Asks: 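Take this structure first; my questions come after.
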Amino acid sequence: MTDFTTFGQQQRPQFEAYLEQALAYQLEEPTLKKAMQYSVMAGGKRLRPLLLFAVLESAKLPIDLNAMRVAGALELVHSYSLIHDDLPAMDNDDLRRGRPTNHKVFGEAQAILAGDGLLTLAFDWLTTTNLPADKQVQLVRILAQAAGANGMVAGQVEDIEGQTKQLRLAQLKQLHHLKTGCLIEAAVEMGALLADLNPIQKAALLTFAKYYGLAFQIQDDILDVTSTAAVMGKAVHKDAIEQKNTFPGLLGLAGAQAELEQTCQQAQQALQSLIGLDQTLLNSFLSYFDEQENK
Ligand code: IPE
Ligand code: IPE
Ligand code: MG
Ligand code: MG
Ligand code: MG
C-alpha cells in the first residue's frame with residue numbers, strides 16, 4: 001500500500017527528470033532559459049503534479065508521458081505564480097524554495113518575463129501530448145479557467161486588495177479558494193479527465209479537491225506563524241507584517257487549526273463517497289497536514 005510520503009519519493013525523481021529534460025530541450029533564449037529553469041528546478045513539493053498522478057493511481061492507470069506533460073504544465077503555472085507572487089510589487093519576498101527569489105537573481109524585468117514564459121509554455125505542453133485533440137482542448141480550458149481571471153489571478157487581486165480591509169470568514173475562504181484552491185482543483189480535474197472517470201466519481205473527487213485546496217492554504221497561513229524560514233525555504237512571519245488576511249489572523253492560531261481539522265474531515269468525507277476507485281492513496285495526502293511533518 002503506497003502512502004503520500006512513499007508515493008512522493010517514488011514519483012518526484014522521474015517527474016523532476018522530465019521537467020529538466022523538457023525545459024532544456026525546448027527553451028532557446030539563454031537568459032530566459034536560465035531564469036525559467038532556476039525557479040522550476042528549485043525543488044518544491046510538487047504537490048499538484050502528485051495529486052494528478054494519485055488520481056491516475058487510484059484508477060490503477062499508469063503514469064505515462066502524457067500524464068507527465070500535463071502535470072508538468074500544472075507545475076509551470078504554479079512556478080510562474082510563485083515568481084510573480086514574490087515580486088516587490090506583490091509580496092516582496094527574497095527567499096523561495098530555499099533560494100533567493102527569481103527577481104533577486106535575474107532582476108525584476110527578467111523575473112516577470114520568466115513568469116510569462118512559464119505560463120505560456122504550460123499551454124504549449126497541454127497541446128503537445130499524444131492525447132486526442134478534444135481532451136487537449138478540455139485540459140487547456142480547465143487550466144486556463146483555474147489559473148486565470150476568474151481563478152488564481154482573481155485570488156491574487158483580492159489578496160492584495162484585502163491588505164487594506166478585514167475580510168469575514170466566508171470572504172477569506174473564497175479568497176483562499178481562488179488563489180490556491182483553483183489550481184489544486186484543476187490538478188484533480190485534469191487527472192479525472194485523463195482517467196476517463198464517470199461524472200459521479202469526478203464530482204466526489206472535485207469536492208475532495210475543494211476542501212483539500214482550502215486546507216492547503218489554511219496550513220500555509222498557519223506555517224507562516226509557526227514555522228521557520230529554514231524549514232519552509234521561504235520567509236515566515238510575513239503575513240501579519242503585510243496585513244494579509246489569513247486564518248490565524250482572523251481566528252487565532254487555535255481557531256485556524258480547528259478550521260484546518262474540520263476542512264480535512266470534509267475532504268475525507270468526500271473521498272468516502274468515491275465508488276470504484278482506491279481511496280487509500282488520496283486519503284493519505286491528508287497526512288500532509290499533520291503538523292509534525294511540516295515543522
Ligand atoms: C506555495 O505553494 C504557494 C501556495 C499556494 C501556498 P507550495 O507550498 O505548493 O510551494 P512549493 O511548490 O512546495 O514550493
Ligand atoms: C500564494 O499565496 C498564492 C499564489 C502564488 C497564487 P502566498 O503568498 O500565501 O504564498 P507564499 O506563502 O508566498 O508561498
Ligand atoms: Mg501572496
Ligand atoms: Mg507570497
Ligand atoms: Mg503564504
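Counting begins at 1 with the first residue of the sequence. All ligand and atom numbering here is 1-based and tracks the order in the structure. Treat the numbers as computed from the prediction; the structure is a model and nothing was measured.
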Asks: Which is it for Lys244 and ligand 2 at heavy atoms under 4.0 Å: side chain, backbone, both or neither?
Replies: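 It is neither part, as no heavy atom is under 4.0 Å.
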
Asks: Which residue, Arg69, Gln14, Arg46, forms the side-chain contact (heavy atoms from CB on, under 4.5 Å) with Leu19?
Replies: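 Passing option: Arg46.
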
Asks: Checking Gln217 against Asp220: is there a side-chain donor and acceptor pair closer than 3.5 Å?
Replies: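 A donor-acceptor contact under 3.5 Å links the two side chains.
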
Asks: For Lys104, which residues count as a side chain to side chain donor-acceptor pair (under 3.5 Å) partner, sequence neighbours excluded?
Replies: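 Counting only residues at least two positions away or on another chain, Lys104 forms no side chain to side chain donor-acceptor pair (under 3.5 Å).
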
Asks: With a 6.0 Å cut-off on the ring centroids, do Tyr288 and Tyr212 count as close?
Replies: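 Not close enough - the centres of the two rings lie 6.0 Å or further apart.
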
Asks: If you count every heavy atom of other residues, nucleotides or ligands that lies below 6.0 Å from Ile200 atom CD1, does the total exceed 12?
Replies: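 Atom CD1 in Ile200 is not packed in, count stays at 12 or less.
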
Asks: In terms of side-chain geometry, is the basic nitrogen of Arg141 or Glu189 positioned less than 4.0 Å from the acidic oxygen of its partner?
Replies: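 Result for this pair is no, no salt bridge flagged.
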
Asks: Answer with side chain, backbone, both or neither: which part of Lys238 has a heavy atom less than 4.0 angstrom from an atom of ligand 2?
Replies: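 Lys238 to ligand 2: no contact under 4.0 Å from either part.
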
Asks: Is the contact between Asp221 and ligand 2 made by the side chain, the backbone, both, or neither, using heavy atoms and a 4.0 Å cut-off?
Replies: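 Looking at Asp221 and ligand 2, no heavy atom falls under 4.0 Å.
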
Asks: Is it true that Asp85 and Arg96 make a salt bridge, defined as a side-chain N closer than 4.0 Å to a carboxylate O?
Replies: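 Looking at Asp85 and Arg96, the cut-off is met.
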
Asks: Which option out of Arg97, Gln217, Arg96, Met232 puts a heavy atom nearest to atom 13 (O) of ligand 2?
Replies: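 Closest candidate by heavy-atom distance is Arg96.
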
Asks: What protein heavy atom lies closest to atom 11 (P) of ligand 2? Include the residue and the distance to one decimal.
Replies: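 Heavy-atom neighbour on the protein nearest atom 11 (P) of ligand 2: Lys234 NZ, 3.3 Å.
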
Asks: Examine the proximity of ligand 2 to Asp239 and report which part, side chain or backbone, both or neither, has a heavy atom under 4.0 Å away.
Replies: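 No part of Asp239 comes within reach of ligand 2.
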
Asks: Any ring pair (Phe, Tyr, Trp, His ring centres under 6.0 Å) pairs touching residues 245-282, not counting sequence neighbours?
Replies: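 Pairs touching residues 245-282 that pass the test: His176-Phe247.
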
Asks: Could you list the atoms of ligand 2 found under 4.0 angstrom from a heavy atom of Met152?
Replies: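 Those atoms are 6 (C).
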
Asks: Between Lys238 and Asp94, does at least one N-O distance fall below 4.0 Å, as a salt bridge requires?
Replies: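 Salt bridge flag = no for Asp94 with Lys238.
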
Asks: Under the ring-ring contact (aromatic ring centres under 6.0 Å, His included) test, which residues partner Phe15, sequence neighbours left out?
Replies: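 ring-ring contact (aromatic ring centres under 6.0 Å, His included) list for Phe15, sorted by chain: Phe53.
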
Asks: Does Asp85 reach ligand 2 with a nitrogen or oxygen that is under 3.5 Å from one of the ligand's nitrogen or oxygen atoms?
Replies: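 Between Asp85 and ligand 2, an N or O pair is found under 3.5 Å apart.
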
Asks: Same hydrophobic cluster for Leu194 and Ile142, using side-chain heavy-atom links shorter than 4.5 Å among ILVMFWY?
Replies: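 Leu194 and Ile142: one cluster.
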
Asks: Which heavy atom of the protein is the closest neighbour of atom 4 (C) of ligand 2, given with residue, atom name and distance?
Replies: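 For atom 4 (C) of ligand 2, the nearest protein heavy atom is Gln156 NE2, 3.5 Å.
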
Asks: Among all protein non-hydrogen atoms, which one is nearest to atom 6 (C) of ligand 2, and what is the separation to 0.1 Å?
Replies: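 Closest protein heavy atom to atom 6 (C) of ligand 2: Lys179 O, 3.3 Å.
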
Asks: Decide whether Asn245 and Gln171 meet the rule of one side-chain donor and one side-chain acceptor closer than 3.5 Å.
Replies: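 The answer is no; no qualifying pair exists.
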
Asks: For atom 9 (O) of ligand 2, find the nearest protein heavy atom and state the residue, atom name and distance (0.1 Å precision).
Replies: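 Looking at atom 9 (O) of ligand 2, the protein heavy atom closest to it is Asp220 OD2, 3.2 Å.
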
Asks: How far is atom 8 (O) of ligand 2 from its nearest protein heavy atom, and which residue and atom name does that atom have?
Replies: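 Its nearest protein heavy-atom neighbour is Asp91 OD2, 2.7 Å.
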
Asks: Which residue supplies the protein heavy atom nearest to atom 5 (C) of ligand 2, what is that atom called, and how far is it?
Replies: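 Result for atom 5 (C) of ligand 2: Ser81 OG, 3.4 Å.
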
Asks: Are a donor atom and an acceptor atom from the side chains of Asp3 and Thr6 found within less than 3.5 Å of each other?
Replies: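 Yes, Thr6 and Asp3 have a side-chain donor paired with an acceptor closer than 3.5 Å.
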
Asks: Using 2.8 Å as a strict upper limit, say whether an N, O or S atom of Asp85 approaches the Mg ion (ligand 3) that closely.
Replies: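 Yes, Asp85 qualifies, because one of its backbone or side-chain N, O or S atoms lies under 2.8 Å.
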
Asks: Give me the protein N, O or S atoms that fall under 2.8 Å of the Mg ion (ligand 5), sorted by chain and residue number.
Replies: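 Near the Mg ion (ligand 5), below 2.8 Å, one finds Asp220 OD2.
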
